[in-house]
Amino acid sequence: MPPAQAEAFIRALAVANPAPETELTYSDPFTLLVAVVLSAQATDAAVNRCTPALFAAAPTPEKMAALGADGVAPYIRTIGLWQAKARNVAALAQALVEKHAGEVPGEREALEALPGVGRKTANVVLNVAFGQHTMAVDTHIFRLGNRCGLAPGKTPREVEDMLVKRCPPDLLRDAHHWLILHGRYVCKARAPECWRCVARAHCNYRDKVLAPPV
DNA sequence: ATCCCGAGGG
DNA sequence: CCCTCTGGAT
């Protein structure tokens, strides 16, 4: 896909949110970081349901660390992987207290050094909470990128670099999140709904879906 | 019954 | 590269 078309594609996807009620609502560094860690293999709705009580009990890394894994667990039993996540979140809070004076660092290196934080989580926090020009490439964006030909045959990291390069700066913040929602609710893994995709003018995947190669 | 918004570990 | 974690959605 030529650069100009790629930009138009990204712009189209960033214009409309296909599922407003499913967004993670947090934007401050700590709650966002914890919410993102909890969201792996869970829906935003499930995370949004259980986190208010958790953050009421532990609004800061200090409180969360004091709570510990056993204290966090009861709040998140409704989401998948809750045992591992309770340990992760407690260890994460502990590390923030011990190594960063209870503040979420705004640099990639420091974020990725935290337990349970990888490149994708770091990119979300850097983008949403710190306003940096990053793009979090998860399986949804990766799949969408492959289907529409944004970066065919490329690694997730290459897709990320391509998106950062091609996404208009004024859209970086919204585009990365809305790309995820499009990937999840429209450009779905199983039954993609090309008919309602706002970027269908820039993508021919619907042809491949309807007439798969023999 | 089967897949899944990721990270750590073998 | 593979596996595991685990509830929820389909």
Side-chain angles (χ1 to χ4, degrees), chain A residues 10 13-14 17-27 31-51 53-54 69-70 72-96 104-105 108-129 134-148 150 153-160 163-164 167 172-193 196-197 209:
Chain A
I10 294 167
L13 287 178
N17 183 342
E21 72 285 0
T22 64
E23 289 183 82
L24 281 182
T25 52
Y26 304 100
S27 57
T31 55
L32 175 68
L33 175 57
V34 172
V36 172
V37 168
L38 294 179
S39 74
Q41 306 284 29
T43 62
D44 281 356
V47 172
N48 285 334
R49 224 173 292 134
C50 73
T51 45
L54 173 63
D70 292 341
V72 170
Y75 293 99
I76 63 173
R77 287 221 168 91
T78 53
I79 65 178
L81 312 180
W82 61 270
Q83 300 177 84
K85 283 174 181 173
R87 288 191 295 270
N88 283 158
V89 165
L92 175 57
Q94 185 77 31
L96 288 174
V104 176
R108 172 183 303 286
E109 294 279 313
L111 281 169
E112 291 188 15
L114 293 167
V117 179
R119 187 173 184 91
K120 182 257 175 178
T121 301
N123 277 335
V124 174
V125 173
L126 288 171
N127 181 307
V128 177
T134 63
M135 294 287 273
V137 174
D138 59 20
T139 56
H140 295 324
I141 294 185
F142 186 59
R143 179 182 63 241
L144 187 152
N146 281 135
R147 284 181 174 171
C148 69
L150 269 179
K154 296 302 199 311
T155 65
R157 179 54 188 275
E158 289 169 327
V159 172
E160 177 187 326
L163 285 172
V164 168
C167 183
L172 262 164
R173 191 177 267 230
D174 290 332
H176 104 276
H177 191 168
W178 292 2
L179 276 164
I180 293 177
L181 296 179
H182 267 279
R184 177 165 204 168
Y185 297 106
V186 181
C187 193
K188 297 183 291 187
R190 316 288 195 87
E193 299 179 11
R196 72 180 184 105
C197 179
V209 175

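The chains referred to below are lettered A, B, ... by the order of the sequence lines, with proteins before strands, and numbering in each begins at 1.
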| query | Relative to the 5' end of DNA chain B, which residue comes earlier, T139(A) or E112(A), by the nucleotide with the nearest heavy atom? | reply | T139(A)
| How close or far is atom C1' of dG6(B) from atom CG of N123(A), stated in whole angstroms? | 13 Å
| If you round to the nearest 0.5 Å, how far is CD1 of I76(A) from CG of L38(A)? | 5.5 Å
| task | Please work out if V117(A) contacts a base, only the sugar-phosphate, or nothing of the nucleic acid, heavy-atom cut-off 4.0 Å. | result | sugar-phosphate
| So, do L144(A) and L13(A) sit near enough that their side-chain heavy atoms are less than 4.5 Å apart? | yes
| field | Nearest to side-chain heavy atoms of R190(A), which nucleotide of dG6(B), dC3(B), dG7(C) | value | dC3(B)
| said: Applying the side chain to side chain contact (heavy atoms under 4.5 Å, CB included) criterion to M135(A), which one of I141(A), V159(A), L179(A), V124(A) satisfies it? | reply: L179(A)
| message | Tell me the interatomic distance from Q41(A), atom CD, to dG6(B), atom P, rounded to whole angstroms. | response | 6 Å
| query | Can you find a side chain N or O atom of W82(A) that sits less than 4.0 Å from OP1 or OP2 on dC5(C)? | reply | no
| remark: Between L114(A) and S39(A), the residue closer to the 5' end of DNA chain B by nearest nucleotide is S39(A)
| query | Does any donor atom in the side chain of Y75(A) or T51(A) lie under 3.5 Å from an acceptor atom in the other side chain? | reply | no
| task | Find the distance N88(A):CG to dT6(C):C1' and express it as a whole number of Å. | result | 13 Å
| Residue R49(A), side-chain atoms from C-beta onward, closest of dG6(B), dA9(C), dC5(C) | dA9(C)
| note | On a heavy-atom basis, the closest approach of G80(A) and K85(A) is O-NZ, 3.2 Å
| Should T121(A) be listed as having a side-chain N or O under 4.0 Å from OP1 or OP2 of dA7(B)? | yes
| Nucleotide dA7(B), atom P - distance to NZ of K120(A) in whole Å | 7 Å
| task | Grab the CZ-C1' distance between R157(A) and dG6(B) for me, whole Å please. | result | 16 Å
| query | Between dC5(C), dA7(B), dA9(C), which nucleotide gets closest to the side-chain atoms of Q83(A)? | reply | dC5(C)
| query | Can you tell me how far P of dG6(B) sits from CD1 of I180(A), to the nearest Å? | reply | 8 Å
| query | Which nucleotide in the list dA9(C), dC4(B), dC5(C) gets nearest to the side chain of A189(A)? | reply | dC4(B)
| message | Output the rounded distance in Å from NZ (K85(A)) to P (dG6(B)). | response | 10 Å
| message | Say we look at dG9(B) and dT6(C): how far apart would their P atoms be, to the nearest angstrom? | response | 16 Å
| said: Using a 4.0 Å heavy-atom cut-off, does I79(A) contact any base of the nucleic acid, only the sugar-phosphate backbone, or nothing at all? | reply: sugar-phosphate
| field | Length of the CG-C1' vector between L38(A) and dG7(C), whole Å | value | 13 Å
